[in-house]
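None of the values given here were measured: they were computed from a predicted structure. Residue numbers begin at 1 in each chain, while the letters A, B, ... track the order of the sequences.
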2 protein chains.
Amino acid sequence: MEQCHATALKAAGMKATPKRLAILEMLEAEPGYASPEELWKRLKDRFDRLGLPTVYRNLEELSASGVLSKVIHPNRQLYYYFCSNREHHHHFVCLSCRKVEDIPACGIEALEQEVTRRNGGKVLSHILQLNGLCGGCADNGEIR
Amino acid sequence: MEQCHATALKAAGMKATPKRLAILEMLEAEPGYASPEELWKRLKDRFDRLGLPTVYRNLEELSASGVLSKVIHPNRQLYYYFCSNREHHHHFVCLSCRKVEDIPACGIEALEQEVTRRNGGKVLSHILQLNGLCGGCADNGEIR
DNA sequence: CTCTAAATAGAAATGATTTCGTTTTAGAAT
DNA sequence: ATTCTAAAACGAAATCATTTCTATTTAGAG
């Protein structure tokens, strides 16, 4: 388990520090997504010293290296999710219990139906947004 | 023009106040999305008094009534976009020039290709997330 | 024209997230 | 094993976009 994580971290070019591993471990055990502060509150018992900024920093770095997924939440706070699925996929997020379910394919209309058919529940809204550079901007590749 | 907006506001059950209309007008003239503060800076010349909270409040209300669209931005700040398209659709957002282009259909893979084929440019990332209630939660419809 | 609920002002608070300078540590090299 | 160095962590403090609060103003129905 933690060996796994250490390997994944190495692969991502990150040091396998105890705190980093603990964050991964805790998030993996989590059935759904969690906020930095929640993780910090639970984790700081395990260490004599653990700063909240360290949790923020690690979650962001891990998310940037693709080890974790970031959840886009209506309340605009940060939430992270441990997702072992390395295939291209999307997530169904339950706003009530925070459970995250993988959605293997794209194609939204059919998607919603399939999700509700398979898992039951109800899709209240979805977010689909493509980010990138338009024709004019792709050339001189700046980000404003 | 402003008649239109007044009608749209009435339809949404909102009073057609001068400031509200000015916000709509300015955002409609905008080629892309804008932040509350940007709009406020440009609008406060037109009024002897205009508070930033008023702009925030109105943008949120207008977005909630579907008159405006909210943009999900990597920097996690609020941006709004005037979108006259009343059909179900999604947006392609240029992170460089802020232009917003409508995407008429869903189906992501094909979608990205179509967007780049039609408009040129480059899709750097996309966000697809379904929000809702899972089977277990749909019954006692609480939001945590 | 009146009246009332909705909208606004503006200062102040909020609070999640980030920054900063210093100290510690993982892990490669010796 | 020991040394060394870049990366990681600390934690107090800062940031700053966003929201709250109470008093005042106003749109628009009657």
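- Distance, A:R20 CZ to D:dA7 P: 11 Å, rounded to whole Å.
- In this structure a side-chain-to-backbone donor-acceptor pair under 3.5 Å is missing from A:W40 to A:T54.
- The minimum heavy-atom distance between B:A34 and B:R42, with the atom names listed, is CB-NH2, 4.4 Å.
- Under a 3.5 Å cut-off, the side chain of B:R20 and the backbone N or O of B:K15 do form a donor-acceptor pair.
- The only member of A:H73, A:K70, A:E38 that meets side chain to side chain donor-acceptor pair (under 3.5 Å) when paired with A:Y33 is A:H73.
- The 5' end of DNA chain C is approached more closely, in terms of each residue's nearest nucleotide, by B:T54 than by the other of A:K15 and B:T54.
- Put simply, the side chain of A:M14 reaches to within 4.5 Å of the side chain of A:S65, judged on heavy atoms.
- D:dA12 atom C1' lies 13 Å from atom CH2 of A:W40, rounded to whole Å.
- Residues forming a ring pair (Phe, Tyr, Trp, His ring centres under 6.0 Å) with B:F82 (at least two apart in sequence, or on another chain): B:H5.
- Annotation: side chain of B:L59 is not in contact with side chain of B:L78 (no heavy-atom distance under 4.5 Å).
- Separating the CG atom of B:N58 from the C1' atom of D:dT26 is a distance of 14 Å, rounded to the nearest angstrom.
- An angle of 40°, rounded to 10°, separates the two end axes of the helix from C:dC1-D:dG30 to C:dT30-D:dA1, each defined over five pairs.
- Within the 3.5 Å criterion, the main-chain N or O of A:R76 finds a donor-acceptor partner in the side chain of B:R76.
- A 4.0 Å heavy-atom criterion places the boundary nucleotides of DNA chain C facing chain B at C:dA5 to C:dT17, written 5' to 3'.
- Between A:D48 atom CG and D:dC10 atom P there is a gap of 9 Å when expressed in whole angstrom units.
- Residues forming a side-chain hydrogen bond (donor to acceptor under 3.5 Å, both in side chains) with B:D45 (at least two apart in sequence, or on another chain): none.
- Around the NZ atom of A:K99, the shell of radius 6.0 Å holds no more than 12 heavy atoms that belong to other residues, nucleotides or ligands.
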Mark up nucleotides 16-25 of chain D, 5' to 3', with B wherever a protein heavy atom is under 4.0 angstrom from a base atom, S wherever such an atom reaches only the sugar-phosphate, and - elsewhere. -SBBB-----
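- Among residues two or more places apart in sequence or in another chain, the ring pair (Phe, Tyr, Trp, His ring centres under 6.0 Å) test is passed with A:Y80 by none.
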